[in-house]
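Contents: one structure, followed by commentary.
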Amino acid sequence: MSIKVSDIHFSYGKIKALDGVSLDLPQGAIGLLGPNGAGKSTLIRIMLGFLSLDRGEGRILGYDIKTQQEEIRRYVGYMPEDDCFIPELDAVSFTSYLGELSGMPRQEAMKRAHEALYYVGLEESRYRKVETYSGGMKQRLKLAQAIVHDPRLIFLDEPTSGLDPQGRTEILDLIMDISRKKDIQVLISSHILPDIELTCSYVVILNKGLLAAQGEISKLKEIRDLYELKIKGEAQGFLRKLEEMKCRLEETEDGLLKVYTPPGYNRQEFFRIAAEENVQLRHFIKSQSSLEDLFADAVGVD
Amino acid sequence: MTIKEKGYAHWDGEFLDKKLPWWPITRYGIKLTFRKKFFKLFFPMSLLPAVVFLAGIYVSERLEDFKFLFRDSVPILQIDPAYFKTYLTEGFLLFIMVIAVIFCGSGLISDDLKHNSLQLYFSRPLKKRDYFLGKTAVIVFFLFLLTLVPGLVFFIMKMIFAGSFKFFLSYPWLPLSVIAYSVLVTAFFSFYALFISSLNKNRRYVAILIFGIYVGSDILREIFYDIFHNHYFSLLSIRGNIQQVGAAIFDQKTPYPIHWILSLLVLTAICVLAWFVLKKKVRGVEIVK
């Protein structure tokens, strides 16, 4: 396991950012999900050693997050969320500079900088000063600097934020290529659920500093079944009884009722309750729950 | 060509076990300073005083050859510790040093704060110490070119022009004084510049502050001295404090009748304050509590 942390606690003053988070993550692309303020960026920053733990322990690529931060940073790439660059440098110098700071020999760093920029599609503008880059180009440049030293693990913090649809697709293509074909583990923090669903097979969901869910996306989706219903008659009693049975209900604008049933729920119950409440079931389909449903379920929002 | 077709090859090289992990920061800092248009103009001019003083050393050994320049008697141009002190501690060189610091130091941290690049540095195997060393070394490089290098060159050239070691035998401690003073003044200006650079994200404001505080402290001293006629107000002046300590290092009379240790304490206190602020301001992530 390349990322293993246990009982991580961290507070910004009185505000608890992480409260006893434990993770044991497999290889591959991992999505780190959560609403704003859930603790995603804090967790990444702790793993990089930017922030010191209040309590807990962990190992990244086998290195202790408390005592071996330099080793971790040597083998980990980090693409920050914010726009960040070093002014007055062109993209090649910028990327090679950061390669050198990772410990690469100067000439090797320069060679790799060209390769990394070529890989992310910035070869045409690699001699342009980075402050003249557009938002999409800056995102690519941030990815280039994260891979210049050939890391074994990359932390990507909101890699598609502020991108137009085409830029977003291209960055996601790169991420998928890196994680699936290059044998580099990727941890993507995002609140854009389709991005995570597209690139990752495993997901960690944080909410208010707590671990809300983690696991294979496909398996997590199976935990709660989703049924789509249309009913006729007095719905109040029917809905109340479903809620009493721990079902989560969502009503769409077109009158479709989405019912997330708890594990082990027998679907015959729908018909029994409908009969009891004198309600007609006009439409009944077992549907496929999405990552959005899973996320909403985990963080407790509609 | 699509992105995927371009390929990505793993790097088969080995990371260096660098003894000076901060060196790339310094190299890039120096390189970027030399790229500045006005600095290219300023830098050769900043070396002019050193050239003039070096010429003075040459003339002092060849006074007879330059007799035609003087109407009556040949003046006495004595090369001694006072001569070195004059070059190194007088206002003109300190002013040049402040301008050099503005060019090379004002953006060192403020630019990183403005462009969020601290997280890029600290996501690399760098310690905070390495970051500071790398940034400080940029200032040290330029200030040593104005202090340590000319000071030692004067000493060596004096012996070469004289063709003897008499000067060395007369003042064997002088090279140490040059080194001690250069280290002190460079360390002070490094802390001073980095401290102010860490206070604001705009390098122009930082430049104004570096210059303003230096000049302002001198003006403040003048004002208070004129009102109270107390020499202890010279402790308010950065220039005054440096000159006090400089005079002591070169075993000369101090410009103000107060103990030079007090000036050293003031300079040290500013450095300590700067260090604490730097430690607080410079980190991989901005923490909003």
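Letters A, B, ... mirror the listed sequences (proteins, then strands); counts begin at 1.
- Surrounding CZ of B/F95 are at most 12 heavy atoms belonging to other residues, nucleotides or ligands under 6.0 Å away.
- Of all heavy-atom pairs between A/P105 and B/E14, the closest is CD-O, 3.8 Å.
- The existence of a salt bridge linking B/R203 and A/E88 is confirmed by a sub-4.0 Å separation between a basic side-chain nitrogen and an acidic carboxylate oxygen.
- Between the OG atom in A/S102 and the CG atom in B/L16 there is a gap of 11.5 Å [rounded to 0.5 Å].
- Although no hydrogens or angles enter the test, the distance criterion places a donor-acceptor pair under 3.5 Å between the side chain of A/D150 and the main chain of B/W11.
- The two residues B/L32 and A/P87 make their nearest non-hydrogen contact at CD1-O, 4.2 Å.
- In B/E90, the CD atom is crowded: over 12 heavy atoms of neighbouring residues, nucleotides or ligands sit closer than 6.0 Å.
- No side-chain heavy atom of B/N116 sits under 4.5 Å from any side-chain heavy atom of A/P80.
- The parts of A/Q145 that come within reach of chain B are both its backbone and its side chain, each placing non-hydrogen atoms under 4.5 angstrom from that chain.
- To the nearest 0.5 Å, atoms CZ (A/F85) and CG (B/D111) are separated by 9.5 Å.
- Atom OH of A/Y133 has more than 12 neighbouring heavy atoms from other residues, nucleotides or ligands inside a 6.0 Å radius.
- Under the 30°/60° scheme for interplanar angles, the aromatic rings of B/F15 and A/Y75 are found to stand perpendicular.
- The environment of A/K208 atom NZ is sparse: at most 12 non-hydrogen atoms of other residues, nucleotides or ligands sit within 6.0 angstrom.
- Atom CZ of A/R128 has more than 12 heavy atoms from other residues, nucleotides or ligands within 6.0 Å.
- Put simply, of A/R112, A/K111, A/Q69, the one with the most heavy-atom pairs under 4.5 Å next to chain B is A/R112.
- In this structure, the portion of B/K127 lying under 4.5 Å from any heavy atom of chain A is its side chain and not its backbone.
- The choice from A/E71, A/K14, A/E108, A/R106 that makes the most heavy-atom pairs within less than 4.5 Å of chain B is A/R106.
- Annotation for B/Y28 and A/S93: closest pair OH-O, 3.5 Å, computed over non-hydrogen atoms.
- In this structure, the portions of B/P24 lying under 4.5 Å from any heavy atom of chain A include both its backbone and its side chain.
- Screening A/H149, A/E100, A/R74 against B/R124 for a side-chain contact (heavy atoms from CB on, under 4.5 Å) leaves a single residue, A/H149.
- Taking the six-membered ring where tryptophan is involved, the planes of B/Y121 and A/Y97 are perpendicular, since the angle between them exceeds 60° and thus also 30°.
- Ranking B/G13, B/G134, B/S117 against chain A, the residue ahead of the rest is B/S117, based on heavy-atom pairs under 4.5 Å.
- Annotation: A/E131, atom CD; neighbour count of heavy atoms from other residues, nucleotides and ligands within 6.0 Å is above 12.
- Side-chain atoms of A/R73 come within 3.5 Å of backbone N or O of B/F122 as a donor-acceptor pair.
- What you find for A/L101 and B/L126 is that their closest heavy atoms are CD2-CD1, 4.0 Å.
- Note that CD of B/Q119 and CZ of A/F50 are 6.0 Å apart. Values are rounded to the nearest 0.5 Å.
- No other option in A/L48, A/V148, A/I147, A/D183 has as many heavy-atom pairs under 4.5 Å with chain B as A/I147.
- To the nearest 0.5 Å, atoms NE2 (B/H115) and CD1 (A/I86) are separated by 10.0 Å.
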